[in-house]
Amino acid sequence: MKAYQASLLRFDEHGQAVYETDGLLVTGPDASGRRVVLAAGSYGALAPHYADVPVQRLPGRILAPGFLDLHIHYPQTDVIGSPAEGLLPWLEHYTFPHEARFADADYAADVARFFLDELARNGVTTALTFATSHPGSVDALFGEAQRRGLRLITGKCLMDRHSPDGVRDETEQSLIDSEALIRRWHGVDRLGYAITPRFAPSCTEAQLTGAGELAARYPEVWIQSHVSENLDEVRWARELFPASRSYLAVYDDHGLMRERAVYAHCIHFDDDDRALMRDTGTAAAVSPTSNLFLGSGFFDYAGAERVGFRFGLASDVGGGTSFSPFHTMLAAYTAGREGQTKAGLSLSPQHLWWQHTAGAAQALGLGGVVGNLQPGHEADFIVLNPAATPLLARRTGQAQSVDELLFAMIVLGDDRLVEKTVISG
Ligand code: GUN
Ligand code: ZN
């Protein structure tokens, strides 16, 4: 067992922040040997029960759950900051040509190492990430994540049409490769596989059908894709699949909406789409820095809350502009103000933070496993230094409430705030 004395941030079952100024976090192995949180609470109440456990004292620091990134592209680490008129030209001019480089396994391994370092520096302990269409790009990332003991989910992109040479795959082989990767990696240590149709316009009817069949055969496996991000993309998807009620419905018509399915963006929805998300247990990955950078639009938080489907926050690097969850939470707040006439109820600092931790874990089907520091959760956490910069020190030092403290960190924070990221501590 290990114990850490510091301020402690976690969430109750209603998503409310629970904050102890003088807290104690006790970790150790559970019955199956996973390192989990054994106890969390006030130092005064807990310390007598753990008197023989060595305590690491971290004065002035805050322990918080590691962040989850619900949608990111590890191969787009080097695509960040590539401007384009919108999504489709951005894919054609920057993204597809760059992803072609991942045919080279050494290159993929090099980017995988850099990417995982960058997640850790920013306090992200679990990501649902795209790889490229090359099966080797999946092996490269899983191999590196396994060495680091991470809980991480990825999958090979399915894209058998409307994609250039170098990234386009072949229908039959793409499904054989996906199944082989599921068998090789899903459930190994803390790794999980995601069936990954890139987006409906890049997949033939046959490839989507095959992906849906795989999803039915492997119900524990995740599904990830993009939907309703950009108006030109929506028009294109409607032309390609005229029989489906909407762009989102294309995925449902192919058996690709269920628990553990996560769709990025979900911007240009109507209430029937929202109800379909809710009724199938599908979750949205909200990517505000990407939506702002590519001019895609604004996720409708009020609509999501009204109809009641699950969502969480995501960077969408490299359409997104930052690995930092603080930048993503701030962009979600700002975009939420801009995109709605009424300030959304979902945009309190506690709720933003929850959407990137415990709420994101719930959306991913990993509630109770990661994303919180309540007993039983895997012990992935971050050590925050709220005095990391002069302005952070000055502003957080004047916070009168948990909301004020969290807001100050959301607005002023970046990788400097994250002093340490602990995996299975
Ligand atoms: N739609 C299809 N592929 C992509 C991608 O790589 N990034 C984003 N943001 N949208 C997509
Ligand atoms: Zn994306």
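Order of listing sets the numbers, starting from 1, for every ligand and every atom in it. Note that the numbering runs from 1 along the sequence shown for the chain.
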Presence of salt bridge, Asp189 and Arg34, under 4.0 angstrom:
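Looking at Arg34 and Asp189, the cut-off is not met.
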Under-4.0 Å salt bridge between Arg101 and Asp110:
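Salt bridge between Arg101 and Asp110, a charged N being under 4.0 Å from a carboxylate O: no.
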Could you tell me if the side chain of Leu366 sits less than 4.5 Å from the side chain of Arg151, heavy atoms only?
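Yes, at least one pair of side-chain atoms sits under 4.5 Å.
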Leu128 side chain near Ile72 side chain, heavy-atom distance below 4.5 Å
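No - every pair of side-chain heavy atoms lies 4.5 Å or more apart.
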Residues around ligand 1, heavy atom under 4.0 Å from any ligand atom, sorted by chain and number. Can you pull those?
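Lining ligand 1 at under 4.0 Å, by heavy atoms, one finds His73, Gln76, Leu87, Trp90, Leu91, Arg198, Phe199, His226, Glu229, His265, Asp316.
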Tell me whether the rings of Tyr74 and Phe102 are parallel (<30°), tilted (30 to 60°) or perpendicular (>60°).
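Ring orientation, 0 to 90° scale: perpendicular.
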Determine, for Phe309 and Arg274, whether the Lys NZ or Arg CZ falls below 6.0 Å from the six-membered ring centre while staying within 45 degrees of the axis.
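Relative to the ring axis of Phe309, which defines the angle, Arg274 lies outside at least one limit.
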Is the backbone N or O of Ser315 less than 3.5 Å from a side-chain atom of Ser287, with the two atoms forming a donor-acceptor pair by type?
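It does not hold such a pair.
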Which N, O or S atoms belonging to the protein are less than 2.8 Å from the Zn ion (ligand 2)?
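Listed by chain and number, the atoms are His71 NE2, His73 NE2, His226 NE2, Asp316 OD1.
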Which residues share a side chain to side chain donor-acceptor pair (under 3.5 Å) with Glu419, sequence neighbours left out
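With sequence neighbours excluded, Glu419 shows a side chain to side chain donor-acceptor pair (under 3.5 Å) to Arg61, given in chain and number order.
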Asp316: which residues meet the side chain to side chain donor-acceptor pair (under 3.5 Å) condition with it, sequence neighbours left out?
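Result, side chain to side chain donor-acceptor pair (under 3.5 Å) vs Asp316: His71, His73, His265, Ser290.
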